Protein chains: 2
Amino acid sequence: MQTPTLRDVADAAGVHPATASRALNPATRGLVNAETAKRVIKVADSLGYRPNPIARGLKTAKSGTVGIVIPDLTNPLFPPILRGIEDVLEPAGYSGLIVSTDNDSDRERTLIESLRSRQVEGLVVATALLDHPLLEQLHREGVRMVMVNRRPRDLDVSSVTPDDALGIELAVRHLVELGHTRIAHLAGPSSTSTGVARAKAFRNAVRDLGLTDEPALARECAAWTEEAGAAALRDLRAAGADFTAVVASNDLIALGCYDVLAECGLHAPDDLSVVGFNGMPFLDKLAPPLTTVTIAHHRLGGEAARLLLEAITEPDRPARSVLLPPTLVVRASTAAPR
Amino acid sequence: MQTPTLRDVADAAGVHPATASRALNPATRGLVNAETAKRVIKVADSLGYRPNPIARGLKTAKSGTVGIVIPDLTNPLFPPILRGIEDVLEPAGYSGLIVSTDNDSDRERTLIESLRSRQVEGLVVATALLDHPLLEQLHREGVRMVMVNRRPRDLDVSSVTPDDALGIELAVRHLVELGHTRIAHLAGPSSTSTGVARAKAFRNAVRDLGLTDEPALARECAAWTEEAGAAALRDLRAAGADFTAVVASNDLIALGCYDVLAECGLHAPDDLSVVGFNGMPFLDKLAPPLTTVTIAHHRLGGEAARLLLEAITEPDRPARSVLLPPTLVVRASTAAPR
DNA sequence: CTGAAAGCGCTAACAG
DNA sequence: CTGTTAGCGCTTTCAG
């Protein structure tokens, strides 16, 4: 026998399917005689009945699902964000459909199309670029969405992002307090809000702390990756820049710095102090353990999910943006300059 | 205007919805006049029509989705497996619904229930325990599934797992060739096939290579975690065991060994050679870089997805088990004993 | 080759 | 409080 339907339950309980439906749905149970409800429920679970949310969705135009759009699952930044999202979604009776765009905008378009055809009620988006036509279009079409980690410029959508300015300031202040005066910055791609915000925050922090802001000490990385970080640092060194510390725009870029140091037979922090950003796992096991600005990624995801659920239940609420405060975790990759 | 339905397309093209349906579905397009089909298709995409897979699923009892059950997304072992799965699913027109059980069997039951109610056509399961009543029950109920990474004992289901025996043999042989004769093993939980298989393989390898198999040199870890690995190594040391190398049953357990060495002011490989298993990312950045047995996790996932699709399209095929060959990656955590 | 009709499993009016 | 009716969007007989 196949999985029983609402009809089977109704027949077995001697009631009409509509009554069974009402009895089984907590929200409408009040409309039904308590006795009948009890009986229906008993029959239902003796038959092992389990409602078919697909059929329900067809009728109610609510799927109980939201789409989660991330660039790359293998980037250790995202699993904790996903966990945070799921931890909020699940108790609310929603489930998340996760897709990985691979930083490919065609793929992103296709995957979001497929999410929409699956009738997701909203989107949590972690792939935002500063200038992101697809997201603008979706927004115009009235798709409910929340940005996490990054956000587009000029788009009135809710978002949950780290307080990049504060994070970078913590990093720079730490280096200045150690005595560094020539500090380089390896910025993330300028196509992302985080890349731009951190680069700008770096310049501000440097000035605020009384150092001079030297453009020659900054490089933009082509991607948020180890390879791009390594390339940027090589470039900086090749240009003859003189610096004793580097603030990397994320941890992977910082790892790229480690690679370059190893190539050159140099060591952190003796030859160069290095600070990362994000607080990936296992950073404490590196050689040397990496000083980094840490974000509570779990919370980042949780807040985003909460905002999305809110947008779903109260569509008229204006967009809100949440900034999560970072903390600096000092480890052995930073020390006073020699 | 809302997203157009098949009816809208049919009306606009001046045909019956049934005809439009046939024209739009490549599989039934042959049943329709080529001209008509062409016209319908043109109208469809001028309207931006996109079929509703939910409604289709309701009728055809096929959802185009499979469930993916993993213990914990934040374990770096799983993202590459997921990638491998998605890379196979997607071109086949399927999508994966990912759930994270958190190693909690109640949660697992609930989540699998919810996947089934969402009409998944099959399951890729990465949470298998050797003795796993829930999976046995699902199997009896005819749920199509494929195990990945681990598998239950005595259950006739398809699986894709690493060749644990070969992997451990590579590790032990490497240590023996370096001159080690007293080698310890930190086994994974004996509730999992990988834990048991690797422990057994260790004993065999030791004997085959002419050493004596000493039970006093083995400990079972309570979990596949850093903490459990550390606890096991502490225990071994406290018991006064004498050994110069340790084969950890996975990389996280090996990281636990690093923690204990650091606590005691000791260093790998001088005081103890350490070998891991899995080939997690960033192992090359550790202090010291970890020698490990590497598995192509991406392929592990890909093969599993392929087997599942096969089981879906040809339900009568017998179960198959695929063993993926590991390779040993030698880094600086192993050296000749002092 | 195409239209008519029925129905997948469920819920939302509307009566009674 | 409960049954009737209708229909979500699509596919699939079955006729024509």
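Chain A is the first sequence line, chain B the second, and so forth, proteins listed ahead of strands; every chain is numbered from 1. Bear in mind the structure is a predicted one, so any value in this text is a computation, not a measurement.
- Ionic pairing of B/K62 and B/E121 is present here: one or more N-O contacts between side-chain nitrogen and carboxylate oxygen are shorter than 4.0 angstrom.
- Separating the CG atom of A/L58 from the P atom of C/dG7 is a distance of 17 Å, rounded to the nearest angstrom.
- Dashed line: the shortest gap from a side-chain N or O of B/T60 to OP1 or OP2 of D/dC10 is not under 4.0 Å.
- Taking atom CZ on A/R118 and atom P on D/dG9, their separation rounds to 17 Å, with Å as the unit.
- Looking at B/K59, its side chain comes within 3.5 Å of the base of C/dG7 through a donor and an acceptor atom.
- Taking atom CG on A/L6 and atom C1' on C/dG7, their separation rounds to 15 Å, with Å as the unit.
- In this structure, the separation between CG on B/N149 and CG on B/L77 is 5.0 Å, given to the nearest 0.5 Å.
- For the pair B/I54 CD1 and D/dC8 P, the interatomic distance rounds to 16 Å; values are reported in whole Å.
- For the side chain to side chain contact (heavy atoms under 4.5 Å, CB included) test with B/M147, the passing option among B/L135, B/T127, B/T161 is B/L135; the others fail.
- Applying a 4.0 Å cut-off to non-hydrogen atoms, the residues of residues 14-39 of chain A that approach DNA chain D are A/V15, A/H16, A/A18, A/T19, A/R22, A/L31, A/V32, A/N33, A/T36, listed by residue number.
- If you take CG of B/D8 and P of D/dG9, they are 9 Å apart, rounded to a whole angstrom.
- For the pair B/R7 and D/dG9, the criterion of a side-chain N or O lying under 4.0 Å from OP1 or OP2 is not met.
- Among B/R140, B/H132, B/E136, the single residue meeting the side chain to side chain contact (heavy atoms under 4.5 Å, CB included) criterion with B/L155 is B/E136.
- Screening A/V40, A/V43, A/N33 against A/V15 for a side chain to side chain contact (heavy atoms under 4.5 Å, CB included) leaves a single residue, A/V40.
- Summarising the geometry, the separation between NZ on A/K62 and C1' on C/dC10 is reported as 16 Å, rounded to the nearest angstrom.
- To the nearest 0.5 Å, the span separating OG on A/S21 from CG on A/L6 amounts to 5.5 Å.
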